[in-house]
Number of protein chains: 2
Amino acid sequence: MVTRPLRSDAARNRVLLLAAAAEEFAAAGMNASIADIARRAGVGKGTVFRHFPTKDDLLAAIVLDRVESLTALAFSLASADDAGQALFDFLAEAAGRQQQLDFSFLRDSGDINDQLREARERLYLTIIALVERAQAAGAVRADVTGLDVILMMCVPAHVVSFVPGAAPDLWRRYLAMVIDGLRPEGAHPLGPPSPVEAV
Amino acid sequence: MVTRPLRSDAARNRVLLLAAAAEEFAAAGMNASIADIARRAGVGKGTVFRHFPTKDDLLAAIVLDRVESLTALAFSLASADDAGQALFDFLAEAAGRQQQLDFSFLRDSGDINDQLREARERLYLTIIALVERAQAAGAVRADVTGLDVILMMCVPAHVVSFVPGAAPDLWRRYLAMVIDGLRPEGAHPLGPPSPVEAV
DNA sequence: GGCTAAGCGGACCGGGCGGTCAACTTGTTA
DNA sequence: TAACAAGTTGACCGCCCGGTCCGCTTAGCC
């Protein structure tokens, strides 16, 4: 399937649209309206649907981009000298980026795109590798799984969302608490086993 | 203001309505529709509005009930012998209850009811007292605030909501991680200061 | 049993939203 | 520059939802 390049104005609009949509989704969640997105991008509503057949597709395009870039980051950290620090650096970057676009969209966008599902799977596998290396290095307690870490990764953004005028780096505080809960020192039994699948 | 007692059928419908609404809100969040709630309760839509002038009022009534019952629980634990265990018990009960109705409603329900705001304030003060006692007993690290704990209290329910077929007690696993992050042993600096207000 | 007011129900209204379409504009290419 | 395809636009459609309203039902009381 060969696709001819977009006309120049269409390419420009596509970029404007993605940026506007990311902001609107970040501000209003799945309630952001197509009309608002179009207005913010300075285009007509019809143009939105020409680029993305449905609202879900638009959201999926944005999330896919974030997911893939996060995978790239995780991959680049996979061979760092300090495996523990590598994981914690990754979590910090992930939490920081989620200030802009929460991952709960992975859940909200109901029937997930196939492409997005695959990208998510790649991200998860890469993170799991980071976690296992960090555990082997003794930086992370042995009784958590990669999936646990993935789930806890979303915590700082979520917590901060409850604080109206939050300082821009407040998420670091809660990330620090989460990480302290992942450390081997002072770990208590966790109780129920980790789930096998999520989101 | 003296209010005559409800007619018997009206009283019955009111409790059916509250139960149905709690379930619908738990399942669909703020997107739960009045029509669905009415159907589940087996009453007409008009009846819903006779009991609760707006959808927000209905939600507020439910949340108010939960908040007050949680305050009562916290209060009853405020003089327990083991202050650390008292706090952890409270967090467990709070997390367990949130499996049914997430506290994010405190945020979602836009302009919060005055009555609800006061109830929330009482709950927060009671929790803060629990936290300070637990800190004095050395069970909780000194650099977290009561508000931090309040914010982290919502984490287990949120995390579990990403796991489709989650075991009914899975939240205990993530509560254990959260609590381990609150313990003094192995605590690392938190970075940014705690916020002064939330939700 | 009969009266009355509290309570009930569902048709209805207005508004907002996702998505469609056909007329119009514009980038591209020869 | 001419001609065409690609792109844009906003009016429009159907749907759903919160909330209203008025005719009907029924509990409570004598």
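Treat the numbers as computed from the prediction; the structure is a model and nothing was measured. Chain letters run A, B, ... following the sequence lines, proteins first, then strands; residues in each count from 1.
Residue contacts for A:Ala32: at a heavy-atom cut-off of 4.0 Å it reaches the sugar-phosphate backbone alone, with no base atom in range.
Spacing between atom CZ of B:Arg12 and atom C1' of C:dA6 amounts to 14 Å, rounded to whole angstrom units. Rounding to whole angstrom units, CG of residue B:Asn31 and C1' of D:dG18 are separated by 13 Å. Here the P atom of nucleotide C:dA11 and the CD1 atom of B:Ile34 are 18 Å apart, to the nearest Å. When rounded to the nearest whole Å, the span between CD of B:Glu24 and C1' of D:dC17 equals 14 Å. Regarding B:Leu6, its CG atom lies at a distance of 10 Å from the C1' atom of C:dA6, rounded to whole Å. The distance from atom CZ of A:Arg7 to atom P of C:dT29 is 11 Å, rounded to the nearest whole Å. With rounding to whole Å, B:Leu59 atom CG is found 14 Å from D:dG18 atom C1'.
For B:Asp9, taking side-chain heavy atoms from C-beta onward, the closest of the listed nucleotides D:dG18, C:dG7, C:dG19 is C:dG7.
Residue A:Thr54 has no polar side-chain atom (N or O) positioned under 4.0 Å from OP1 or OP2 of C:dG18. Contact between the side-chain N/O atoms of B:Ser8 and the OP1/OP2 oxygens of D:dG28 is found at a separation under 4.0 Å. Between D:dG7 and A:Arg50, a contact under 4.0 Å exists linking OP1 or OP2 to a side-chain N or O. The side chain of B:Asn13 contributes an N or O atom lying less than 4.0 Å from OP1 or OP2 of C:dC8. Checking the phosphate oxygens (OP1, OP2) of D:dT8, a side-chain nitrogen or oxygen of A:His51 falls inside 4.0 Å.
Only A:Lys45, A:Phe49, listed by number, bring a heavy atom of residues 37-49 of chain A to less than 4.0 angstrom from any atom of DNA chain C.
The two residues A:Leu151 and A:Ala198 make their nearest non-hydrogen contact at CD2-CB, 4.0 Å. Scanning all heavy atoms of the two residues, the minimum distance from B:Gln135 to B:Val144 falls at NE2-O, 2.7 Å.
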Give the table of side-chain donor-acceptor pairs shorter than 3.5 Å for residues 69-80 of chain A, with sequence neighbours excluded, one pair per line with atom names and distance.
residue	atom	partner	partner atom	Å
A:Ser69	OG	A:Arg97	NH1	2.6
A:Thr71	OG1	A:Val67	O	2.9
A:Ser76	OG	A:Leu73	O	2.8

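Residue order along DNA chain C, read from the 5' end via each residue's closest nucleotide, puts B:Ala11 first among A:Lys55 and B:Ala11.
In this structure, A:Gln115 CD and A:Leu64 CG are separated by 5.0 Å, a value rounded to the nearest 0.5 Å. Annotation: the span from B:Leu175 atom CG to B:Phe88 atom CZ amounts to 9.0 Å, rounded to 0.5 Å.
Under 4.0 Å is where a charged nitrogen must lie from a carboxylate oxygen, and between B:Arg12 and B:Asp9 no such pair does.
Listed by chain and number, the residues in a ring pair (Phe, Tyr, Trp, His ring centres under 6.0 Å) with A:His158 are A:Phe162, B:His158 (sequence neighbours excluded).
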